[in-house]
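Presented below is the structure to which this report refers.
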2 protein chains.
Amino acid sequence: MDQNKIPQATAKRLPLYYRFLNNLNHQGKKRVSSKELSDAVKVDSATIRRDFSYFGALGKKGYGYNVEYLLGFFRKTLDQDETTDVALIGVGNLGTAFLHYNFMKNNNILIKMAFDSDPDKVGTTIGDVPVYNIADLEDKIAGVKVAILTIPASEADGITDRLVEQGITGILNFTPARITVPEHIRVHHIDLAVELQALVYFLKHYPLETNRLE
Amino acid sequence: MDQNKIPQATAKRLPLYYRFLNNLNHQGKKRVSSKELSDAVKVDSATIRRDFSYFGALGKKGYGYNVEYLLGFFRKTLDQDETTDVALIGVGNLGTAFLHYNFMKNNNILIKMAFDSDPDKVGTTIGDVPVYNIADLEDKIAGVKVAILTIPASEADGITDRLVEQGITGILNFTPARITVPEHIRVHHIDLAVELQALVYFLKHYPLETNRLE
DNA sequence: AATAAGTCGTGATCGTTTTCACAATTATAT
DNA sequence: ATATAATTGTGAAAACGATCACGACTTATT
Ligand SMILES: NC(=O)c1ccc[n+]([C@@H]2O[C@H](COP(=O)([O-])OP(=O)(O)OC[C@H]3O[C@@H](n4cnc5c(N)ncnc54)[C@H](O)[C@@H]3O)[C@@H](O)[C@H]2O)c1
Ligand SMILES: NC(=O)c1ccc[n+]([C@@H]2O[C@H](COP(=O)([O-])OP(=O)(O)OC[C@H]3O[C@@H](n4cnc5c(N)ncnc54)[C@H](O)[C@@H]3O)[C@@H](O)[C@H]2O)c1
């Protein structure tokens, strides 16, 4: 693949840039400056230029960036042309919300199947996504490399082991459990309760500072 | 409040430590080392010791940390004794999931009211939380300082302005819109589509590296 | 043509966060 | 008692990330 030179912080901003460039393109905008982008996505303009510069000289001095060119470039870089299939495990409150939401709108990611242990849920279809029995995980999941975990925390370790066994390489974990995986598996943890608590903590302890976390 | 000496990165880990210490305490564990904590929460042990050290010498050399003492200390530090009221705006897929979830379980945060524009939702109660008409925002929201935004992106700016007008100081924004707020308002952005895309990007471009994002 | 205004790309700097590594201290075993 | 093992707290270094600031170039204006 590409040279591993892109900082993680930059990589995390790429989808954001991509989405905004897409909007601009739909609006028929032909050029954009790092300053304009900065106002829109709330990232310092020097940071944006630096981010882009990891991919080469994409802009023109005195002019800015050509929206269509930049968009095309990022489309390739972010592999927007091929779809990544995802499996969702745990069709509860949160899982159901994700199934109803169409991640495809702006995006190359498709939740292709879901699993649950509840007989009332197994066999249903939510937002076009079939819900299978978790017992059949090993039969159904072939080829899927990314999983979203929205099961109770107590189930997280057991299910993770089975996913890893089946060749999953990335997990987006919404449970509060900090799961243990082999070195080569990437886990991204989104802990909504922690996010809320951290926000409240900041409000109480850093009352008037410059804000805007990321 | 406290001295603003605690790094933001540390502050974001505090809720995590707190939750895990709580578990240990319930299990009747009396002492814990930074190494054990590290294995559980997947944060380097030196980082944990450094984090704790910002609050003074909480442990004992050669022994570790006393669970009950540490827990009590963090309870105070994180203001776990007083409840923070939160308003949720937008009772759709995501908003409904949050209302059903009981943030109070481990936690000092309470979603006290919700707002929506849909007449079918206004007047209902979801998970004990009343859903008010967004038109009545200004009447009902007095005293609430934190809001969760789960409305369509197109509504985000308008609602944000009204929230700021009413004295909100912190916003947890789940919409893809990058909202504009005055300096003194803290916004934390959780962009689920971006998180997924970033995960997929990392899988493709950093295949075998040391993993585990945060 | 010449000048002014706008904008990129990047060296250098700065601030933050993580990690190393070890003296100091405590607990445990013999 | 003494020796051994465990573990903290932290100075120092390394890694990472954000921002400044400016030369080089492009476009627009007169
Ligand atoms: N809903 C929220 O707002 C919220 C907020 C923060 C964290 N979380 C976390 O997200 C996770 C999901 O939350 P939720 O509110 O959707 O929970 P939920 O109880 O509504 O849903 C969990 C689902 O997982 C299914 N399940 C249980 N065991 C399973 C197994 N072994 N295999 C497959 N499916 C199984 C259940 O049948 C259920 O449908 C939890 O870990 C929760 O702590 C949720
Ligand atoms: N559901 C997901 O999985 C998901 C994933 C990523 C991002 N998001 C984002 O989260 C937000 C909410 O997503 P969702 O799936 O819950 O959407 P949704 O359409 O299910 O819910 C939006 C809710 O907001 C209400 N609403 C609309 N305008 C309003 C207004 N002016 N005032 C008050 N309420 C109003 C609607 O009546 C509806 O109940 C969106 O911005 C979406 O892009 C959702």
Side-chain angles (χ1 to χ4, degrees), chain A residues 3-14 16-17 21 24 29-67 69-70 73-74 198 202 205-206 209-214, chain B residues 3-14 16-17 21 24 29-67 69-70 73-74 178 189 198 202 205-206 209-214:
Chain A
Q3 331 82 290
N4 288 5
K5 294 291 166 290
I6 291 110
Q8 301 223 349
T10 295
K12 282 196 160 192
R13 285 186 289 265
L14 297 183
L16 195 61
Y17 298 146
L21 287 170
L24 284 186
K29 210 139 183 310
K30 292 289 174 225
R31 60 182 267 193
V32 66
S33 69
S34 60
K35 180 64 172 54
E36 282 174 278
L37 274 170
S38 171
D39 291 343
V41 302
K42 320 283 184 197
V43 171
D44 186 90
S45 67
T47 300
I48 292 177
R49 292 199 302 281
R50 172 83 59 196
D51 283 347
F52 289 0
S53 78
Y54 292 116
F55 299 98
L58 302 177
K60 259 198 250 180
K61 297 180 181 186
Y63 174 86
Y65 301 89
N66 178 299
V67 172
Y69 175 76
L70 203 54
F73 185 86
F74 278 128
F202 283 131
H205 294 81
Y206 302 65
E209 306 256 323
T210 309
N211 283 337
R212 193 170 306 286
L213 327 185
E214 219 38 52
Chain B
Q3 331 83 287
N4 289 5
K5 293 291 167 286
I6 290 110
Q8 301 223 350
T10 296
K12 281 196 159 193
R13 285 187 291 264
L14 297 182
L16 195 61
Y17 297 147
L21 287 169
L24 284 186
K29 209 141 184 309
K30 291 288 173 229
R31 62 184 264 194
V32 65
S33 70
S34 61
K35 180 63 174 51
E36 284 175 276
L37 274 170
S38 172
D39 291 343
V41 301
K42 320 285 184 196
V43 171
D44 186 90
S45 66
T47 300
I48 292 178
R49 292 198 300 281
R50 172 84 56 195
D51 283 347
F52 289 0
S53 78
Y54 292 115
F55 299 98
L58 302 177
K60 259 199 246 177
K61 298 183 181 183
Y63 173 87
Y65 301 89
N66 179 298
V67 172
Y69 175 75
L70 203 54
F73 185 86
F74 278 128
R178 310 293 281 195
H189 210 87
F202 283 131
H205 294 82
Y206 301 66
E209 306 257 323
T210 308
N211 283 337
R212 194 172 305 287
L213 328 185
E214 217 39 48

Task: Contacts of type side chain to side chain donor-acceptor pair (under 3.5 Å), residue B:Arg13, not counting sequence neighbours - done: B:Tyr17, B:Asp51
TODO: Report the residue (A:Ser53 or A:Gly62) whose heavy-atom-nearest nucleotide on DNA chain C is the more 5′ of the two.
DONE: A:Gly62
Task: Contacts of A:Thr47 that satisfy side chain to side chain donor-acceptor pair (under 3.5 Å) - sequence neighbours left out - done: none
- [ ] Give the minimum heavy-atom separation between A:Ser45 and A:Ser34, together with the two atoms involved.
- [x] CB-O, 3.6 Å
TODO: Test side chain to side chain contact (heavy atoms under 4.5 Å, CB included) on A:Phe74 and A:Phe52 and set out the steps.
DONE: CA-CA 10 Å; A:Phe74 278 128; A:Phe52 289 0; 3.5 Å; yes
TODO: Heavy atoms of chain B, cut-off under 4.0 Å: which first and last nucleotide of DNA chain D, 5' to 3', fall inside that, if you could look?
DONE: D:dA6 to D:dA12
TODO: Indicate, with a heavy-atom threshold strictly under 4.0 Å, whether B:Phe52 touches base, sugar-phosphate, or nothing.
DONE: nothing
Open item on the list: My understanding is that only residues two or more places apart in sequence, or in another chain, count here; which of them pass salt bridge (charged side-chain N to carboxylate O under 4.0 Å, His left out) with B:Asp39?
Closed with: B:Lys35
For residues 55-67 of chain A, tabulate all N or O donor-acceptor pairs below 3.5 Å that involve a side-chain atom, not counting sequence neighbours.
residue	atom	partner	partner atom	Å
A:Asn66	OD1	A:Glu68	N	3.0
A:Asn66	OD1	A:Tyr69	N	2.9

Open item on the list: Quick check on C:dG6: is either OP1 or OP2 less than 4.0 Å from any side-chain nitrogen or oxygen of A:Tyr65?
Closed with: no
- [ ] To the nearest 0.5 angstrom, please state how far the CG atom of B:Leu24 sits from the CZ atom of B:Arg31.
- [x] 13.0 Å
Protein-nucleotides 2-4 of chain C N/O pairs closer than 3.5 Å?
none

Open item on the list: I'd like to know if the side chain of B:Ser38 and the backbone of B:Val43 have a donor-acceptor N/O pair within less than 3.5 Å.
Closed with: yes
- [ ] Can you sort out the partners of A:Ser53 under side-chain contact (heavy atoms from CB on, under 4.5 Å), two or more places apart, ordered by chain and number?
- [x] A:Arg50
- [ ] List in numerical order all residues of residues 31-41 of chain A for which some heavy atom is under 4.0 Å away from an atom belonging to DNA chain D.
- [x] none
Task: Counterpart residues, side-chain contact (heavy atoms from CB on, under 4.5 Å), relative to A:Ala11 (two or more places apart) - done: A:Ile6, B:Tyr201, B:Phe202, B:Tyr206
Open item on the list: Would you compute the distance between atom OG1 of A:Thr10 and atom CD of A:Gln8 and round it to the nearest 0.5 angstrom?
Closed with: 10.0 Å
Task: Summary of protein contacts for nucleotides 12-23 of chain C, nucleotide by nucleotide, where a base hit scores B, a sugar-phosphate-only hit scores S (4.0 Å, heavy atoms) - done: B----SSB-B--
Open item on the list: For a quick test of reading the model, state the closest non-hydrogen atom pair linking B:Arg178 to A:Lys42 and the distance between them.
Closed with: O-CE, 3.3 Å
Task: Contacts of B:Lys29 that satisfy side chain to side chain donor-acceptor pair (under 3.5 Å) - sequence neighbours left out - done: B:Glu36
